[in-house]
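Here the structure is a predicted model, which means the values were calculated and not measured.
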Protein chains: 4
Amino acid sequence: MDVHMTEQRTLGKQKIAWAKAHMPFLAALREDFLAAQPFAGKRLVMSIHLEAKTACLALLLRDGGADVYLTGSNPLSTQDAIVAALEDEERLTVRARHGVTESEYLDALREVLASSPQLILEDGGDLIALLIDEMPEIAPEVLGATEETTTGVTRLRAWEGEGRLPCAVFAVNDARMKHLIDNRYGTGQSVWDAILRTTNLLIAGAEVVVAGYGWCGRGIATRARGLGARVTVTEIDPVNAVEAVMDGFGVAPIAAAVERADFLITTTSGCTLVTDEVLARAKDGLLIANASHFDHEIDRDALERFAVSRAAVRPGIDEYRNASGKRVDLIGDGEIVNLSAGDGHPVEIMDLSFALQALTLRHIAEHAPIAPALYPVPREVDEHVAATKLRTMGIAIDSLNDEQRRYLGL
Amino acid sequence: MDVHMTEQRTLGKQKIAWAKAHMPFLAALREDFLAAQPFAGKRLVMSIHLEAKTACLALLLRDGGADVYLTGSNPLSTQDAIVAALEDEERLTVRARHGVTESEYLDALREVLASSPQLILEDGGDLIALLIDEMPEIAPEVLGATEETTTGVTRLRAWEGEGRLPCAVFAVNDARMKHLIDNRYGTGQSVWDAILRTTNLLIAGAEVVVAGYGWCGRGIATRARGLGARVTVTEIDPVNAVEAVMDGFGVAPIAAAVERADFLITTTSGCTLVTDEVLARAKDGLLIANASHFDHEIDRDALERFAVSRAAVRPGIDEYRNASGKRVDLIGDGEIVNLSAGDGHPVEIMDLSFALQALTLRHIAEHAPIAPALYPVPREVDEHVAATKLRTMGIAIDSLNDEQRRYLGL
Amino acid sequence: MDVHMTEQRTLGKQKIAWAKAHMPFLAALREDFLAAQPFAGKRLVMSIHLEAKTACLALLLRDGGADVYLTGSNPLSTQDAIVAALEDEERLTVRARHGVTESEYLDALREVLASSPQLILEDGGDLIALLIDEMPEIAPEVLGATEETTTGVTRLRAWEGEGRLPCAVFAVNDARMKHLIDNRYGTGQSVWDAILRTTNLLIAGAEVVVAGYGWCGRGIATRARGLGARVTVTEIDPVNAVEAVMDGFGVAPIAAAVERADFLITTTSGCTLVTDEVLARAKDGLLIANASHFDHEIDRDALERFAVSRAAVRPGIDEYRNASGKRVDLIGDGEIVNLSAGDGHPVEIMDLSFALQALTLRHIAEHAPIAPALYPVPREVDEHVAATKLRTMGIAIDSLNDEQRRYLGL
Amino acid sequence: MDVHMTEQRTLGKQKIAWAKAHMPFLAALREDFLAAQPFAGKRLVMSIHLEAKTACLALLLRDGGADVYLTGSNPLSTQDAIVAALEDEERLTVRARHGVTESEYLDALREVLASSPQLILEDGGDLIALLIDEMPEIAPEVLGATEETTTGVTRLRAWEGEGRLPCAVFAVNDARMKHLIDNRYGTGQSVWDAILRTTNLLIAGAEVVVAGYGWCGRGIATRARGLGARVTVTEIDPVNAVEAVMDGFGVAPIAAAVERADFLITTTSGCTLVTDEVLARAKDGLLIANASHFDHEIDRDALERFAVSRAAVRPGIDEYRNASGKRVDLIGDGEIVNLSAGDGHPVEIMDLSFALQALTLRHIAEHAPIAPALYPVPREVDEHVAATKLRTMGIAIDSLNDEQRRYLGL
């Protein structure tokens, strides 16, 4: 192993240790899992943004008895230092590298799926897509899967509607402790962390446009205001738009909003938001970051048509200039910015989301077989995670007495 | 008519005109309804907090063809000036007066129900309760009802569970444009408006406890922080509690929280929150206001046991002292504070909520008969209200193009 | 005394008792003053917004030995209930009435000055103006005066520059505990309290223009945002303007800003801000409130030219319509809105500001004669007030140890 | 030059180009300075945190005619990539390296001073200290100096009081455009940028203690709240403490506050704040970051006594454990955190602060000789910087007309 690799490994191990020390929930689960071995003898495939915190989750599931096959969920979000740090772990096979091509990325997914898993932990829906399109023969073996993104759940719902869902999938993203917490406070902070460190620019007094006022968008807009920005929201849902207005944000169509914007953050889980018109009307120097799972909100063809030159102007920032010299700066190459230009969600957030994942996977292992369908996370898992979080923070709450329960008809 | 009554009438008419001028949505609906007469020949009973804005709604429904029978929904929330102003309106019968006893209040409900209505507009569930318990014979005539409070929907759900719901009821409170907007921004502002005008005390630097972190509680807590308070939330739901923590609020059991509180606002829709223990541990001078529909969160017996004296110390504030001289101040006699000590929700909020009501009542009139059950407001009504609101504010938003709809599987 | 007067007196006494109960600082001073009688045998003239809290201050100074001659400081801010309540107090002469004309207002000032006071408590500078222009013969008797407004201090500074200041005046407004606290948190809250109760309109989602980003303007803008508004600031000082931008507010010239404004609050202490052009460009329905001491920011002549009709549309709101039907609504007749349409500053704020006044007046009584000039409040008075406030709130802070003092060169 | 150096140089040049592109003010000044050559033939010594933005300032002053001698102002804040990028610039001599010892750091200061400068740009006061204590012979040559930190101005004031100031020094820190903007919005953002990127921990719901509520402390506390934290302020000045309370923050003595703190940020410009008692009472896992110029607020001896072990747990974080296993984590080795663990202030902030510096240095060059004393930045420089900033942002403001100026006595 060369010097660089050794350094990477040390850094990776340090980051994993730091994450582990700030994930009290996973620590508690590890003790349970070591004793109970809920996944004993099972193969478990994970596709996930491979960094320190997800490494902790993989190790936890391994400690719970699974043979874990681990790969990335995005070509740019894998951290090589973490891959290096996991290299000699037992019963943990890693197939991932930072900066792979799209086709290398898919090959890695195929490779881990070839282990024919009983359990799948999914982030974005690419594994299930392969299961449907290319590897239907291994589906019968799968007891169930979990999916943690808005994007993934949207795809799964479409497949379910078409009758193509090959196995039971639990929509972890729809758990209250996931979308209310992770999407809002996790994405809200980590997107700005990534932008701050990458740009060194001032947010106070800046004009920020947030495209999409779902849970992620709310978090991003709230934190932007917390940093002193003036925020304009773009939406397609009128109720969300009214909420944004009442929350004190501006609301406008995206092409109008970018005319005075310093930053544009896309977080709609949709596609082709940054169009020819948006680029044409953008203020000179607009910085664009994408906070959705995929980079489909950036219309690459439009960017191609817009730019006569492209240059790396700072680590993590590419500058596109059009014929008249107007600049548009793309952060993290348009990939999900908190991972492509940062360290992903804060550790404590992932402690919660991964507890949901681990407990839901245990639920699958305990209740299999389960008919192919999209399921919500069991309510008791959701509330158990919330209650445990409060306990680890030392916070007590009230409970209903009999009179109150009766009054409320419970 | 004596001088006082004339003054009251003038004030009432002025307030109604002011409200009408700031309710562009109802103004637009009035034109539609005058032309289409959706309620022609129907009797419509309304129980509602009777002030200027609700008067506008009653007049709108009357203009839509209904014979309207109007009464209050709380003994203290009726404004006599408004009753006076409505006195000589045609096809609008009012049975309400400020400060009636509980039994006079119920008698007024019985009286308007005796008209045997086809349509019911309900606020809290008391009309339906009478329909079930005392006047089942008029239920078959009822085409449907709307209910706009959390409290009312909770009761209706219980009755539906027991198979006792006597007619179709639409849970207006569950419409996104109702609970996301009215409960949060309407209650949030109007509760503090009422407290500010009644107390003349400083909120900046004060310790405020908000009991309940539902949509109303979120609004109240957010506005308290906006006024400079430090806020502690009490909850029984662990997920809500985690959200409150992440929103930057303190979270504690209510009996602990009141030890350092200057203000306690109850908004749980539950009962007996202000108990012997809470009163015993309260900081000297604690001001208590209730923001739920009913005053059941104040345990009157506990207050009785606590106090050796009671005195009105400012209009709208009663001060209770215990044997050792500790003071607890109750605002608006514990009745819903934004109405008992203020003018209720801001006008523009009611423009939205009443548009939901009016359009849902039209939906009932158009689609009857509808089987007895609790129904959501039709999604298209909800979105139509939001889209119209944006239009009246001069705000445009984006819409999905074909490619984007395809991508999202719509 | 007729029934109405009796009611007024009862209400006035109740309000004074409420204020007294929430002014712990004045309560503590009263005990000191009763014992030490710092103003024994002195005549003290006060011109002040006459409501419950200022009544408490007058009573305190009286209890400290002074013969107090009390009048208003604005034709609209006197509350008759308070005047009635003070009627039979000893050594306290009141000359004030709500709604007097400008000339009656000035006559009242002349009348109290005719007592030939040793001490003057001034609010806006009108007493000193009379001393200079009309009654120079009584100036030699005056030991000193205090002035608590930005407006008054501006005028005093001009007179000092011209060598016309007739006596020592202490600029209470310039004390840190005054302008940092009273102007920001007192004005910030009470302006919105007054607007909320007078309009019953929604602030969330509204466009608010704040003219002037001094300490009052900061408070008003901050609270507007806290209520959910989008805020634009207008300024003439470029540094203040940059601060407003960095605080996340919009900044624009006033005539441009009103084009999309729902509310305009003036707080510059200047004049003729609401001009023909502002009225011409204002959005239909603009509500205007003035938060400066004088109403000079509203150009009455311009309003005259603008309007073809004027009507009272709600208590405290006059609506002006121009020839094309556009409406501009003026709250509290353009007089300082927190007093003309509300109860003035929160009680606890005045506890602080009045402690500054009372302690500065004692300082004058103890240190006279003092040469005519404008003086700052002694630093130890300022810090004593802050330290006492913290103590009454039960808050402890750190102090420097010897090593730290040495390090800081103190 | 080895590969690593080449990479460093490229990165350094990229960062400088990025900064230059986002400093429109310096760009405009460069054109003026190139033409006017205000510093022609002068030697100018700069001690400053050496990173991309300060490099732009050095290049600007060089372009204005000066021979620039450049060194760091803190052993840990120099970025080697920037040093490498400046290597072959003409008339620009650099003496600085990241991670030097305290004595190497001082030697570099001595070395640049040995050039016997006419102009000094100072950051913290170390150059002037050497001028006084070791190199008085070169003082007569010095036309004047500028100082930009609170810490430096505090030291200069002490020296002035003792009659030891060797030359005219302009307190750039006291300019409104410096302390109101740079200290609040610059420090506020960059401290959290550094902490976020270094820890990857969640701020929402965390308890943050900010020691010191001066302009830097206000910025840090405001941004902490903007990120969702609950904030407690510690102070020694009672007026600052009351302000913090009214701003909605908790206030407590530091030793009490750390008992429940997740983060402690020191920003008092004082010394020995993190004492034995603070470490003894700290919550397990407390993260400490220092945001003052010097690291004197961390009592190193106390830390020594506390810890039985110390380990690097993540790049930029050292963990100290006491005998019972309690952990205290120190970020950036206790050196000024936004520079030791980040990229310093946002670019646009430095554009303003450096414009103040450059224009004040030009003022010195134009007005020399100036008697040794501490001077404020000329008011017209301050306002010119603000007005230019507004213009570069495309923001217009109002100006006083004659009537208004007369009314205000100007």
Novice: Determine the minimum heavy-atom distance between Tyr185(D) and Glu243(C), stating which atoms define it.
Specialist: OH-O, 3.4 Å

Novice: Among Thr154(D), Thr151(D), Val251(D), which residue forms the greatest number of heavy-atom pairs with chain C at distances under 4.5 Å?
Specialist: Val251(D)

Novice: At a heavy-atom separation under 4.5 Å, does Val385(C) approach chain D through its side chain, its backbone, both, or neither?
Specialist: neither

Novice: Please state whether the side chain, the backbone, both or neither of Arg155(D) comes within less than 4.5 Å of a heavy atom of chain C.
Specialist: neither

Novice: Taking side chain as everything from C-beta outward and backbone as N, CA, C, O, which of these in His384(C) sits under 4.5 Å from a heavy atom of chain D? Side chain, backbone, both or neither.
Specialist: neither

Novice: Among the options Met177(D), Glu383(D), Arg157(D), pick out the one with the most heavy-atom pairs lying under 4.5 Å from chain C.
Specialist: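 Most pairs with chain C among the choices: Met177(D).
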
Novice: Can you say whether Arg406(C) sits under 4.5 Å from chain D via the side chain, the backbone, both, or neither, judging by heavy atoms?
Specialist: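 Neither part.
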
Novice: Under 4.5 Å heavy-atom distance to chain C, tell me which part of Ile395(D) shows up: side chain, backbone, both or neither.
Specialist: side chain

Novice: Can you tell which of Ala158(D), Cys271(D), Ala252(D) has the highest number of heavy-atom pairs within less than 4.5 Å of chain C?
Specialist: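 Heavy-atom pair counts peak at Cys271(D).
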
Novice: I'd like to check Glu403(C) versus Asp299(D) (side-chain heavy atoms, cut-off strictly below 4.5 Å). Are they in contact?
Specialist: no

Novice: By a 4.5 Å heavy-atom criterion (distance strictly below it), what part of Thr388(C) contacts chain D: side chain, backbone, both, or neither?
Specialist: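 Neither part; nothing is under 4.5 Å.
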
Novice: If we define contacts as heavy-atom pairs under 4.5 Å, which of Ala387(D), Ala396(D), Ala257(D), Ala241(D) has the most with chain C?
Specialist: Ala396(D)

Novice: Which one of Asp382(D), Val245(D), Ile181(D), Asp247(D) has the most heavy-atom pairs closer than 4.5 Å to chain C?
Specialist: Asp247(D)

Novice: Which heavy atom of Asp398(D) sits nearest to which heavy atom of Thr234(C), and what is that distance?
Specialist: OD2-CB, 4.0 Å

Novice: Do Ile236(C) and Ile397(D) have side chains that approach each other closer than 4.5 Å (heavy atoms only, starting at C-beta)?
Specialist: no

Novice: Is it the side chain or the backbone of Ser399(C) that comes within 4.5 Å of chain D heavy atoms, both, or neither?
Specialist: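 Only the backbone of Ser399(C) comes within 4.5 Å of chain D.
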
Novice: I want to check something: taking the side chain as every heavy atom from C-beta on, are Leu390(D) and Glu235(C) in contact at a cut-off of under 4.5 Å?
Specialist: no

Novice: What part of Leu408(C) lies closer than 4.5 angstrom to a heavy atom of chain D: side chain, backbone, both or neither?
Specialist: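 Both backbone and side chain of Leu408(C) come within 4.5 Å of chain D.
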
Novice: Given that the side chain runs from C-beta out, which part of Thr222(D) has a heavy atom under 4.5 Å from chain C: side chain, backbone, both or neither?
Specialist: neither

